[in-house]
2 protein chains.
Amino acid sequence: MNNLTDKNIYWWRPLDDRELGTRGEILFAAYKEIHWQGFQSASLSNILARTGVTKGALYHHFPNKTELGYAVVDEVISEHIRLSFVEPLLEFENPIDGIIELIQSSGDAFSMTDVELGCPLTVLAQEMAPIDEGFRIRLIKIYDLWHQSITDGFHLALKNGQVRDDIDPDTVAMMIVATMEGAMNAAKVAQSLDKLYLCGNGLIQYLELIRKKQDKDKRI
Amino acid sequence: MNNLTDKNIYWWRPLDDRELGTRGEILFAAYKEIHWQGFQSASLSNILARTGVTKGALYHHFPNKTELGYAVVDEVISEHIRLSFVEPLLEFENPIDGIIELIQSSGDAFSMTDVELGCPLTVLAQEMAPIDEGFRIRLIKIYDLWHQSITDGFHLALKNGQVRDDIDPDTVAMMIVATMEGAMNAAKVAQSLDKLYLCGNGLIQYLELIRKKQDKDKRI
DNA sequence: TATAAAGCATACCAATTGGTATGTACGAGA
DNA sequence: TCTCGTACATACCAATTGGTATGCTTTATA
(Lines give C-alpha, C1' and ligand atoms only; values in the text may rest on other atoms or scores of the structure.)
Protein backbone atom coordinates (compact mmCIF):
# COMPACT_ATOMS: atom_id res chain seq x y z
CA MET A 1 0.00 0.00 0.00
CA ASN A 2 2.67 2.47 0.98
CA ASN A 3 5.24 2.28 -1.76
CA LEU A 4 7.62 4.70 -0.15
CA THR A 5 9.10 2.28 2.31
CA ASP A 6 12.01 1.51 0.04
CA LYS A 7 14.88 3.78 0.79
CA ASN A 8 16.21 4.61 -2.62
CA ILE A 9 13.41 4.91 -5.07
CA TYR A 10 13.29 8.64 -5.20
CA TRP A 11 15.44 11.60 -5.97
CA TRP A 12 14.90 13.61 -2.83
CA ARG A 13 17.21 11.15 -1.19
CA PRO A 14 18.94 13.06 1.53
CA LEU A 15 21.34 10.68 3.14
CA ASP A 16 23.33 7.62 2.57
CA ASP A 17 21.69 4.42 3.80
CA ARG A 18 24.70 2.91 5.38
CA GLU A 19 25.63 3.79 8.91
CA LEU A 20 22.64 5.90 9.75
CA GLY A 21 22.37 4.66 13.30
CA THR A 22 19.07 4.59 15.13
CA ARG A 23 18.71 8.34 15.26
CA GLY A 24 19.49 8.66 11.59
CA GLU A 25 17.01 5.97 10.67
CA ILE A 26 14.27 7.68 12.62
CA LEU A 27 15.19 10.98 11.02
CA PHE A 28 15.13 9.48 7.56
CA ALA A 29 11.86 7.66 8.10
CA ALA A 30 10.33 10.80 9.56
CA TYR A 31 11.52 12.76 6.57
CA LYS A 32 9.79 10.36 4.19
CA GLU A 33 6.61 10.24 6.21
CA ILE A 34 6.49 14.04 6.38
CA HIS A 35 7.28 14.42 2.70
CA TRP A 36 4.38 12.13 1.98
CA GLN A 37 1.77 13.06 4.56
CA GLY A 38 2.79 16.47 5.74
CA PHE A 39 3.95 17.15 9.29
CA GLN A 40 0.70 17.28 11.21
CA SER A 41 -0.63 14.13 9.65
CA ALA A 42 2.69 12.37 9.87
CA SER A 43 2.08 9.50 12.24
CA LEU A 44 4.67 8.53 14.76
CA SER A 45 3.34 4.98 14.61
CA ASN A 46 3.99 4.97 10.87
CA ILE A 47 7.50 6.24 11.37
CA LEU A 48 8.13 3.53 13.93
CA ALA A 49 6.63 0.92 11.62
CA ARG A 50 8.89 2.05 8.78
CA THR A 51 11.98 1.64 10.87
CA GLY A 52 11.15 -1.17 13.26
CA VAL A 53 12.34 1.13 16.01
CA THR A 54 10.20 1.44 19.13
CA LYS A 55 8.60 4.47 20.64
CA GLY A 56 10.99 4.42 23.52
CA ALA A 57 13.92 4.83 21.15
CA LEU A 58 12.22 7.69 19.35
CA TYR A 59 11.53 9.62 22.51
CA HIS A 60 15.02 8.91 23.69
CA HIS A 61 16.48 10.79 20.72
CA PHE A 62 13.81 13.47 20.32
CA PRO A 63 11.85 15.23 23.06
CA ASN A 64 8.65 15.45 21.02
CA LYS A 65 7.18 15.33 17.54
CA THR A 66 7.79 19.00 16.83
CA GLU A 67 11.50 18.78 17.61
CA LEU A 68 11.70 15.72 15.39
CA GLY A 69 10.16 17.80 12.63
CA TYR A 70 12.62 20.61 13.23
CA ALA A 71 15.49 18.15 13.03
CA VAL A 72 14.19 16.85 9.72
CA VAL A 73 14.22 20.37 8.32
CA ASP A 74 17.60 21.29 9.76
CA GLU A 75 19.48 18.12 9.08
CA VAL A 76 17.77 16.47 6.12
CA ILE A 77 15.91 18.94 3.92
CA SER A 78 18.32 21.81 4.40
CA GLU A 79 21.26 19.64 3.54
CA HIS A 80 19.51 18.24 0.52
CA ILE A 81 18.73 21.65 -0.96
CA ARG A 82 22.28 22.75 -0.31
CA LEU A 83 23.76 19.73 -2.04
CA SER A 84 21.32 19.77 -4.93
CA PHE A 85 20.93 23.44 -5.77
CA VAL A 86 23.36 25.64 -3.93
CA GLU A 87 26.70 23.84 -4.12
CA PRO A 88 26.46 22.73 -7.76
CA LEU A 89 25.84 26.28 -8.93
CA LEU A 90 29.23 27.36 -7.64
CA GLU A 91 30.90 25.02 -10.13
CA PHE A 92 29.82 27.04 -13.15
CA GLU A 93 31.56 30.04 -14.65
CA ASN A 94 28.27 31.39 -15.96
CA PRO A 95 25.27 31.07 -13.62
CA ILE A 96 22.89 31.00 -16.56
CA ASP A 97 24.62 27.92 -17.89
CA GLY A 98 24.64 26.48 -14.40
CA ILE A 99 20.94 26.90 -13.81
CA ILE A 100 20.06 25.53 -17.23
CA GLU A 101 22.29 22.55 -16.55
CA LEU A 102 20.68 22.01 -13.14
CA ILE A 103 17.19 22.18 -14.59
CA GLN A 104 18.00 19.66 -17.24
CA SER A 105 19.93 17.23 -15.10
CA SER A 106 17.40 17.18 -12.29
CA GLY A 107 14.64 16.81 -14.85
CA ASP A 108 16.40 13.72 -16.17
CA ALA A 109 16.92 12.26 -12.73
CA PHE A 110 13.34 12.71 -11.52
CA SER A 111 11.21 9.62 -11.11
CA MET A 112 7.43 9.61 -11.01
CA THR A 113 7.56 9.36 -7.25
CA ASP A 114 9.62 12.53 -7.14
CA VAL A 115 7.02 14.29 -9.23
CA GLU A 116 4.14 12.99 -7.13
CA LEU A 117 5.60 14.09 -3.83
CA GLY A 118 7.14 17.28 -5.10
CA CYS A 119 9.54 19.54 -3.26
CA PRO A 120 9.63 18.74 0.47
CA LEU A 121 10.40 22.37 1.15
CA THR A 122 7.14 23.48 -0.40
CA VAL A 123 5.17 20.78 1.35
CA LEU A 124 6.28 22.00 4.75
CA ALA A 125 6.14 25.66 3.79
CA GLN A 126 2.52 25.47 2.72
CA GLU A 127 1.44 23.49 5.74
CA MET A 128 3.51 24.79 8.60
CA ALA A 129 4.57 28.35 7.82
CA PRO A 130 1.32 29.91 8.99
CA ILE A 131 0.91 27.84 12.13
CA ASP A 132 4.37 27.22 13.55
CA GLU A 133 7.02 29.87 13.76
CA GLY A 134 9.73 27.32 14.50
CA PHE A 135 9.18 25.68 11.15
CA ARG A 136 8.82 29.00 9.38
CA ILE A 137 12.15 30.46 10.44
CA ARG A 138 13.91 27.23 9.55
CA LEU A 139 12.31 27.08 6.13
CA ILE A 140 12.98 30.72 5.38
CA LYS A 141 16.63 30.13 6.15
CA ILE A 142 16.79 27.46 3.46
CA TYR A 143 14.91 29.53 0.89
CA ASP A 144 17.18 32.47 1.59
CA LEU A 145 20.27 30.36 1.19
CA TRP A 146 19.03 29.13 -2.17
CA HIS A 147 17.89 32.54 -3.30
CA GLN A 148 21.11 34.21 -2.18
CA SER A 149 23.30 31.76 -4.04
CA ILE A 150 21.53 32.63 -7.28
CA THR A 151 21.65 36.34 -6.50
CA ASP A 152 25.39 36.11 -5.93
CA GLY A 153 25.76 34.28 -9.21
CA PHE A 154 24.00 37.02 -11.11
CA HIS A 155 25.98 39.76 -9.39
CA LEU A 156 29.07 38.07 -10.72
CA ALA A 157 27.51 37.55 -14.13
CA LEU A 158 26.69 41.23 -14.22
CA LYS A 159 30.28 42.10 -13.50
CA ASN A 160 31.48 39.63 -16.13
CA GLY A 161 29.06 40.99 -18.70
CA GLN A 162 27.28 37.66 -19.05
CA VAL A 163 23.79 39.09 -18.56
CA ARG A 164 21.96 42.16 -19.75
CA ASP A 165 22.94 45.24 -17.80
CA ASP A 166 19.36 46.17 -16.95
CA ILE A 167 18.54 43.10 -14.86
CA ASP A 168 18.36 43.14 -11.08
CA PRO A 169 20.05 40.06 -9.58
CA ASP A 170 17.69 39.93 -6.63
CA THR A 171 14.61 40.08 -8.83
CA VAL A 172 15.89 37.51 -11.29
CA ALA A 173 16.88 35.14 -8.51
CA MET A 174 13.43 35.48 -6.98
CA MET A 175 11.88 34.71 -10.36
CA ILE A 176 13.98 31.59 -10.78
CA VAL A 177 13.27 30.14 -7.36
CA ALA A 178 9.58 30.95 -7.61
CA THR A 179 9.27 29.43 -11.06
CA MET A 180 11.05 26.24 -10.07
CA GLU A 181 8.84 25.85 -7.02
CA GLY A 182 5.76 26.58 -9.07
CA ALA A 183 6.82 24.15 -11.75
CA MET A 184 7.22 21.35 -9.24
CA ASN A 185 3.85 22.19 -7.80
CA ALA A 186 2.16 22.00 -11.20
CA ALA A 187 3.90 18.74 -12.04
CA LYS A 188 2.89 17.30 -8.69
CA VAL A 189 -0.79 18.00 -9.16
CA ALA A 190 -0.79 16.82 -12.75
CA GLN A 191 1.43 13.86 -11.84
CA SER A 192 3.21 14.61 -15.05
CA LEU A 193 6.87 14.93 -15.92
CA ASP A 194 5.79 16.76 -19.08
CA LYS A 195 4.51 19.70 -17.06
CA LEU A 196 7.92 19.87 -15.44
CA TYR A 197 9.67 19.85 -18.81
CA LEU A 198 7.28 22.43 -20.20
CA CYS A 199 8.01 24.80 -17.37
CA GLY A 200 11.68 23.97 -17.46
CA ASN A 201 11.81 24.99 -21.10
CA GLY A 202 9.98 28.20 -20.30
CA LEU A 203 12.52 29.01 -17.64
CA ILE A 204 15.42 28.22 -19.94
CA GLN A 205 13.96 30.47 -22.62
CA TYR A 206 13.64 33.21 -20.03
CA LEU A 207 17.26 32.77 -19.05
CA GLU A 208 18.29 33.01 -22.70
CA LEU A 209 16.37 36.26 -22.93
CA ILE A 210 18.35 37.88 -20.17
CA ARG A 211 21.64 36.53 -21.41
CA LYS A 212 23.83 39.28 -22.90
CA LYS A 213 23.61 39.37 -26.68
CA GLN A 214 27.29 39.24 -27.51
CA ASP A 215 27.59 36.40 -25.04
CA LYS A 216 24.69 34.69 -26.75
CA ASP A 217 26.38 34.99 -30.15
CA LYS A 218 29.73 33.93 -28.81
CA ARG A 219 28.26 30.68 -27.63
CA ILE A 220 26.89 29.68 -31.00
CA MET B 1 -6.08 33.00 19.30
CA ASN B 2 -7.57 32.20 15.94
CA ASN B 3 -7.84 35.50 14.16
CA LEU B 4 -9.50 34.08 11.10
CA THR B 5 -12.96 33.84 12.56
CA ASP B 6 -13.96 37.15 11.07
CA LYS B 7 -15.47 36.66 7.70
CA ASN B 8 -14.05 39.51 5.71
CA ILE B 9 -10.52 40.16 6.70
CA TYR B 10 -8.87 38.50 3.80
CA TRP B 11 -8.72 38.61 0.07
CA TRP B 12 -9.39 34.97 -0.68
CA ARG B 13 -12.96 35.72 0.18
CA PRO B 14 -15.02 33.38 -1.90
CA LEU B 15 -18.62 34.20 -1.17
CA ASP B 16 -20.90 36.87 0.00
CA ASP B 17 -21.75 36.66 3.69
CA ARG B 18 -25.40 37.40 3.38
CA GLU B 19 -27.80 34.60 2.66
CA LEU B 20 -25.40 31.75 2.88
CA GLY B 21 -27.79 29.38 4.56
CA THR B 22 -26.62 26.62 6.87
CA ARG B 23 -24.93 24.64 4.14
CA GLY B 24 -23.18 27.72 2.82
CA GLU B 25 -21.99 28.68 6.28
CA ILE B 26 -20.53 25.25 6.85
CA LEU B 27 -18.89 25.38 3.45
CA PHE B 28 -17.40 28.78 4.13
CA ALA B 29 -16.18 27.86 7.58
CA ALA B 30 -14.71 24.64 6.23
CA TYR B 31 -12.96 26.58 3.50
CA LYS B 32 -11.33 28.87 6.03
CA GLU B 33 -10.34 26.05 8.34
CA ILE B 34 -8.82 24.13 5.43
CA HIS B 35 -7.05 27.17 4.08
CA TRP B 36 -5.53 27.64 7.49
CA GLN B 37 -4.85 24.11 8.72
CA GLY B 38 -4.88 22.01 5.59
CA PHE B 39 -7.51 19.35 4.94
CA GLN B 40 -6.33 16.48 7.08
CA SER B 41 -5.74 18.63 10.12
CA ALA B 42 -8.91 20.61 9.56
CA SER B 43 -11.02 19.80 12.59
CA LEU B 44 -14.74 19.30 12.21
CA SER B 45 -15.14 20.51 15.77
CA ASN B 46 -13.40 23.74 14.80
CA ILE B 47 -15.64 24.18 11.80
CA LEU B 48 -18.69 23.66 13.98
CA ALA B 49 -17.34 26.08 16.56
CA ARG B 50 -16.78 28.70 13.88
CA THR B 51 -20.35 28.48 12.69
CA GLY B 52 -22.32 27.52 15.79
CA VAL B 53 -23.84 24.77 13.71
CA THR B 54 -24.07 21.31 15.24
CA LYS B 55 -22.59 18.07 14.01
CA GLY B 56 -26.00 16.76 13.10
CA ALA B 57 -26.47 19.63 10.66
CA LEU B 58 -23.07 19.08 9.13
CA TYR B 59 -23.67 15.41 8.51
CA HIS B 60 -27.09 16.20 7.19
CA HIS B 61 -25.59 18.29 4.38
CA PHE B 62 -22.40 16.31 3.79
CA PRO B 63 -21.95 12.53 3.98
CA ASN B 64 -18.41 12.76 5.38
CA LYS B 65 -15.37 14.98 5.79
CA THR B 66 -13.91 14.09 2.43
CA GLU B 67 -17.04 15.08 0.53
CA LEU B 68 -17.10 18.33 2.46
CA GLY B 69 -13.56 18.91 1.29
CA TYR B 70 -14.50 18.15 -2.29
CA ALA B 71 -17.39 20.60 -2.07
CA VAL B 72 -15.04 23.29 -0.80
CA VAL B 73 -12.82 22.78 -3.82
CA ASP B 74 -15.65 22.58 -6.32
CA GLU B 75 -17.84 25.35 -5.03
CA VAL B 76 -15.57 27.75 -3.20
CA ILE B 77 -11.98 27.59 -4.40
CA SER B 78 -12.77 26.86 -8.02
CA GLU B 79 -15.20 29.73 -8.18
CA HIS B 80 -12.74 32.05 -6.54
CA ILE B 81 -9.96 31.33 -9.01
CA ARG B 82 -12.37 31.74 -11.87
CA LEU B 83 -13.59 35.10 -10.65
CA SER B 84 -10.15 36.38 -9.69
CA PHE B 85 -7.91 35.20 -12.50
CA VAL B 86 -9.82 33.69 -15.38
CA GLU B 87 -12.75 36.01 -15.97
CA PRO B 88 -10.88 39.32 -15.53
CA LEU B 89 -8.31 38.33 -18.15
CA LEU B 90 -11.01 38.19 -20.81
CA GLU B 91 -11.63 41.89 -20.37
CA PHE B 92 -8.29 42.90 -21.81
CA GLU B 93 -7.41 43.39 -25.46
CA ASN B 94 -3.78 42.47 -24.76
CA PRO B 95 -3.22 39.56 -22.36
CA ILE B 96 0.16 40.95 -21.38
CA ASP B 97 -1.50 44.14 -20.19
CA GLY B 98 -4.15 42.04 -18.50
CA ILE B 99 -1.75 39.89 -16.54
CA ILE B 100 0.33 42.89 -15.49
CA GLU B 101 -2.82 44.61 -14.34
CA LEU B 102 -3.94 41.54 -12.41
CA ILE B 103 -0.57 41.20 -10.72
CA GLN B 104 -0.57 44.82 -9.64
CA SER B 105 -4.19 45.00 -8.51
CA SER B 106 -4.10 41.80 -6.51
CA GLY B 107 -0.80 42.90 -5.02
CA ASP B 108 -2.49 46.07 -3.84
CA ALA B 109 -5.47 44.24 -2.42
CA PHE B 110 -3.51 41.63 -0.47
CA SER B 111 -3.50 41.89 3.29
CA MET B 112 -0.93 40.31 5.55
CA THR B 113 -3.36 37.49 6.29
CA ASP B 114 -3.60 36.75 2.58
CA VAL B 115 0.15 36.55 2.39
CA GLU B 116 0.40 34.33 5.46
CA LEU B 117 -2.13 31.80 4.28
CA GLY B 118 -1.17 31.93 0.62
CA CYS B 119 -3.03 30.43 -2.27
CA PRO B 120 -5.61 27.88 -1.09
CA LEU B 121 -5.10 25.97 -4.31
CA THR B 122 -1.45 25.38 -3.49
CA VAL B 123 -2.20 24.45 0.09
CA LEU B 124 -4.49 21.65 -0.98
CA ALA B 125 -2.35 20.66 -3.94
CA GLN B 126 0.73 20.13 -1.81
CA GLU B 127 -1.11 18.23 0.87
CA MET B 128 -3.72 16.19 -0.92
CA ALA B 129 -2.58 15.60 -4.50
CA PRO B 130 -0.36 12.63 -3.61
CA ILE B 131 -2.76 10.94 -1.24
CA ASP B 132 -6.28 11.51 -2.55
CA GLU B 133 -7.17 11.17 -6.18
CA GLY B 134 -10.52 12.87 -5.67
CA PHE B 135 -8.83 16.06 -4.58
CA ARG B 136 -6.20 15.78 -7.27
CA ILE B 137 -8.55 15.60 -10.23
CA ARG B 138 -10.55 18.50 -8.86
CA LEU B 139 -7.47 20.63 -8.35
CA ILE B 140 -6.04 19.79 -11.74
CA LYS B 141 -9.28 20.93 -13.31
CA ILE B 142 -8.87 24.36 -11.74
CA TYR B 143 -5.20 24.68 -12.66
CA ASP B 144 -6.02 23.66 -16.22
CA LEU B 145 -8.79 26.23 -16.44
CA TRP B 146 -6.44 28.95 -15.29
CA HIS B 147 -3.58 27.78 -17.47
CA GLN B 148 -5.83 27.40 -20.51
CA SER B 149 -7.24 30.90 -20.19
CA ILE B 150 -3.73 32.34 -20.36
CA THR B 151 -2.78 30.04 -23.22
CA ASP B 152 -5.83 31.21 -25.17
CA GLY B 153 -4.88 34.79 -24.48
CA PHE B 154 -1.42 34.31 -25.90
CA HIS B 155 -2.71 32.49 -28.95
CA LEU B 156 -4.76 35.55 -29.66
CA ALA B 157 -1.87 37.86 -28.87
CA LEU B 158 0.25 35.89 -31.30
CA LYS B 159 -2.33 36.37 -34.01
CA ASN B 160 -2.60 40.06 -33.20
CA GLY B 161 1.16 40.50 -33.26
CA GLN B 162 1.27 41.61 -29.64
CA VAL B 163 3.99 39.13 -28.62
CA ARG B 164 7.20 37.90 -30.15
CA ASP B 165 6.60 35.32 -32.85
CA ASP B 166 8.96 32.78 -31.32
CA ILE B 167 7.07 32.25 -28.07
CA ASP B 168 4.96 29.18 -27.38
CA PRO B 169 1.66 30.11 -25.70
CA ASP B 170 1.51 26.88 -23.73
CA THR B 171 5.01 27.31 -22.37
CA VAL B 172 4.55 30.96 -21.52
CA ALA B 173 1.25 30.27 -19.77
CA MET B 174 2.90 27.52 -17.76
CA MET B 175 5.66 29.92 -16.77
CA ILE B 176 3.20 32.55 -15.62
CA VAL B 177 1.08 30.23 -13.51
CA ALA B 178 4.13 28.57 -12.00
CA THR B 179 5.78 31.87 -11.18
CA MET B 180 2.67 33.29 -9.55
CA GLU B 181 2.25 30.18 -7.44
CA GLY B 182 5.90 30.22 -6.52
CA ALA B 183 5.77 33.89 -5.67
CA MET B 184 2.88 33.37 -3.29
CA ASN B 185 4.72 30.49 -1.73
CA ALA B 186 7.82 32.58 -1.13
CA ALA B 187 5.80 35.46 0.27
CA LYS B 188 3.93 33.06 2.56
CA VAL B 189 7.07 31.63 4.11
CA ALA B 190 8.71 35.02 4.46
CA GLN B 191 5.45 36.58 5.64
CA SER B 192 6.41 39.48 3.45
CA LEU B 193 4.51 41.47 0.89
CA ASP B 194 7.86 42.69 -0.43
CA LYS B 195 8.74 39.22 -1.65
CA LEU B 196 5.47 39.23 -3.54
CA TYR B 197 6.24 42.60 -5.11
CA LEU B 198 9.77 41.54 -5.96
CA CYS B 199 8.56 38.49 -7.80
CA GLY B 200 5.70 40.43 -9.34
CA ASN B 201 8.19 42.88 -10.80
CA GLY B 202 10.27 40.02 -12.13
CA LEU B 203 7.25 38.57 -13.84
CA ILE B 204 6.27 41.93 -15.31
CA GLN B 205 9.78 42.38 -16.65
CA TYR B 206 9.58 38.95 -18.20
CA LEU B 207 6.29 39.84 -19.84
CA GLU B 208 7.82 43.02 -21.23
CA LEU B 209 10.61 40.92 -22.69
CA ILE B 210 8.25 38.77 -24.72
CA ARG B 211 6.14 41.71 -25.80
CA LYS B 212 6.62 42.49 -29.49
CA LYS B 213 9.05 45.34 -30.02
CA GLN B 214 6.95 47.56 -32.27
CA ASP B 215 4.12 47.03 -29.82
CA LYS B 216 6.44 47.99 -27.01
CA ASP B 217 7.41 51.21 -28.76
CA LYS B 218 3.85 51.98 -29.78
CA ARG B 219 2.79 51.99 -26.14
CA ILE B 220 5.29 54.59 -25.06
C1' DT C 1 35.00 -5.60 38.17
C1' DA C 2 31.76 -2.14 39.99
C1' DT C 3 28.95 1.72 38.54
C1' DA C 4 26.73 5.03 36.06
C1' DA C 5 24.72 6.51 32.17
C1' DA C 6 23.15 5.90 27.52
C1' DG C 7 20.16 3.26 24.54
C1' DC C 8 16.33 1.22 24.01
C1' DA C 9 11.60 -1.73 24.99
C1' DT C 10 6.66 -2.30 26.88
C1' DA C 11 2.62 -0.84 28.66
C1' DC C 12 -0.25 2.48 29.50
C1' DC C 13 -2.93 7.16 29.25
C1' DA C 14 -5.86 11.28 28.34
C1' DA C 15 -7.44 13.77 24.53
C1' DT C 16 -9.13 14.26 20.10
C1' DT C 17 -10.58 12.45 15.90
C1' DG C 18 -14.35 11.36 12.27
C1' DG C 19 -18.56 9.06 12.35
C1' DT C 20 -23.28 7.26 13.87
C1' DA C 21 -27.72 6.34 16.11
C1' DT C 22 -31.59 8.30 17.76
C1' DG C 23 -34.63 11.80 18.71
C1' DT C 24 -37.15 16.14 17.69
C1' DA C 25 -39.08 20.36 15.52
C1' DC C 26 -41.47 21.90 11.57
C1' DG C 27 -43.42 22.98 7.23
C1' DA C 28 -45.82 21.19 2.98
C1' DG C 29 -49.18 18.38 0.92
C1' DA C 30 -53.20 15.22 0.99
C1' DT D 1 -55.73 16.71 10.93
C1' DC D 2 -52.59 13.24 9.69
C1' DT D 3 -48.36 12.20 7.51
C1' DC D 4 -44.08 12.36 5.52
C1' DG D 5 -39.76 14.20 4.47
C1' DT D 6 -36.44 17.91 5.49
C1' DA D 7 -33.55 20.08 8.76
C1' DC D 8 -31.46 19.88 12.38
C1' DA D 9 -29.85 18.54 17.73
C1' DT D 10 -27.69 15.38 21.42
C1' DA D 11 -25.28 11.74 23.00
C1' DC D 12 -22.41 8.38 22.25
C1' DC D 13 -18.48 5.39 20.11
C1' DA D 14 -14.25 3.02 18.40
C1' DA D 15 -9.88 4.26 16.76
C1' DT D 16 -5.89 6.88 16.67
C1' DT D 17 -3.13 10.44 18.31
C1' DG D 18 1.17 12.30 20.84
C1' DG D 19 3.16 11.55 25.14
C1' DT D 20 4.86 9.24 29.57
C1' DA D 21 6.35 6.09 33.26
C1' DT D 22 8.93 2.30 34.21
C1' DG D 23 11.46 -1.05 33.19
C1' DC D 24 15.74 -3.73 31.11
C1' DT D 25 20.31 -4.08 28.50
C1' DT D 26 24.43 -2.65 26.88
C1' DT D 27 28.42 0.12 26.93
C1' DA D 28 31.83 3.23 28.49
C1' DT D 29 34.60 4.58 32.44
C1' DA D 30 36.80 4.63 36.72
Side-chain angles (χ1 to χ4, degrees), chain A residues 1-2 4-5 18-73 75 123-124 127-128 131-135, chain B residues 1-2 4-5 18-73 75 123-124 127-128 131-135:
Chain A
M1 193 167 162
N2 168 14
L4 301 175
T5 312
R18 37 199 170 103
E19 291 301 332
L20 283 180
T22 306
R23 199 194 114 101
E25 278 203 46
I26 296 171
L27 212 55
F28 192 21
Y31 163 72
K32 287 192 292 184
E33 172 81 2
I34 290 171
H35 192 191
W36 188 49
Q37 292 278 353
F39 174 74
Q40 297 183 91
S41 301
S43 155
L44 294 184
S45 325
N46 275 0
I47 294 173
L48 299 179
R50 279 175 191 273
T51 55
V53 164
T54 63
K55 190 167 278 192
L58 198 159
Y59 275 90
H60 172 71
H61 289 285
F62 304 96
N64 50 46
K65 189 189 175 185
T66 304
E67 289 296 330
L68 171 59
Y70 291 169
V72 166
V73 178
E75 302 177 37
V123 172
L124 276 176
E127 182 190 8
M128 300 308 291
I131 59 179
D132 187 299
E133 193 70 5
F135 273 102
Chain B
M1 193 165 163
N2 170 12
L4 300 174
T5 313
R18 31 193 174 108
E19 292 301 332
L20 282 179
T22 306
R23 199 193 113 102
E25 277 202 46
I26 296 171
L27 212 55
F28 192 22
Y31 163 72
K32 286 192 292 183
E33 173 79 4
I34 290 171
H35 192 191
W36 189 49
Q37 292 278 353
F39 174 75
Q40 298 184 90
S41 300
S43 155
L44 294 185
S45 325
N46 276 0
I47 294 173
L48 299 180
R50 278 175 192 273
T51 56
V53 164
T54 64
K55 189 167 279 194
L58 197 158
Y59 276 90
H60 172 71
H61 290 285
F62 303 95
N64 51 48
K65 189 189 176 185
T66 304
E67 289 295 330
L68 171 60
Y70 291 168
V72 166
V73 178
E75 301 177 37
V123 172
L124 276 176
E127 182 190 8
M128 300 308 292
I131 60 179
D132 187 298
E133 192 70 5
F135 272 102

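Lettering of chains follows the sequences in order, A, B, ..., and the numbering in each one begins at 1.
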I'd like to check [X] versus [Y] (side-chain heavy atoms, cut-off strictly below 4.5 Å). Are they in contact?
X: B/I131; Y: B/M128; value: yes
X: B/T54; Y: B/L48; value: no
X: A/I34; Y: A/V123; value: no

Quick one: does NZ or CZ of B/K32 land under 6.0 Å from the six-membered ring centre of B/F28, within 45 degrees of the ring axis? yes
Identify the two heavy atoms, one from B/G69 and one from B/F39, that lie closest to each other, and give their separation to 0.1 Å. CA-CE1, 3.7 Å
What's the spacing between B/Y70 OH and B/N64 CG if we round to 0.5 Å? 8.5 Å
Which atoms of nucleotides 4-7 of chain C (N or O only) lie under 3.5 Å from a protein N or O atom, and what are those distances?
{"unit_1": "C/dG7", "atom_1": "OP2", "unit_2": "A/H60", "atom_2": "NE2", "d": "3.1"}

Quickly work out the [X] [atom1] to [N] [atom2] distance and round it to whole Å.
X: B/F62; N: D/dA7; atom1: CZ; atom2: P; answer: 12 Å
X: A/I47; N: D/dT16; atom1: CD1; atom2: P; answer: 17 Å
X: B/R23; N: D/dC8; atom1: CZ; atom2: P; answer: 12 Å
X: A/Q40; N: C/dT16; atom1: CD; atom2: C1'; answer: 14 Å

Among D/dT17, C/dG18, D/dC8, which nucleotide sits nearest the side chain of A/S43? D/dT17
B/K55 side chain to B/L44 backbone, donor-acceptor under 3.5 Å: no
Assign a letter to each nucleotide of nucleotides 19-24 of chain C from its 5' end: B, base within under 4.0 Å of a protein heavy atom; S, sugar-phosphate only; -, no contact. BB----
Worked check of side chain to side chain contact (heavy atoms under 4.5 Å, CB included) between A/E127 and A/Q40: CA-CA 8 Å; A/E127 182 190 8; A/Q40 297 183 91; 3.2 Å; yes
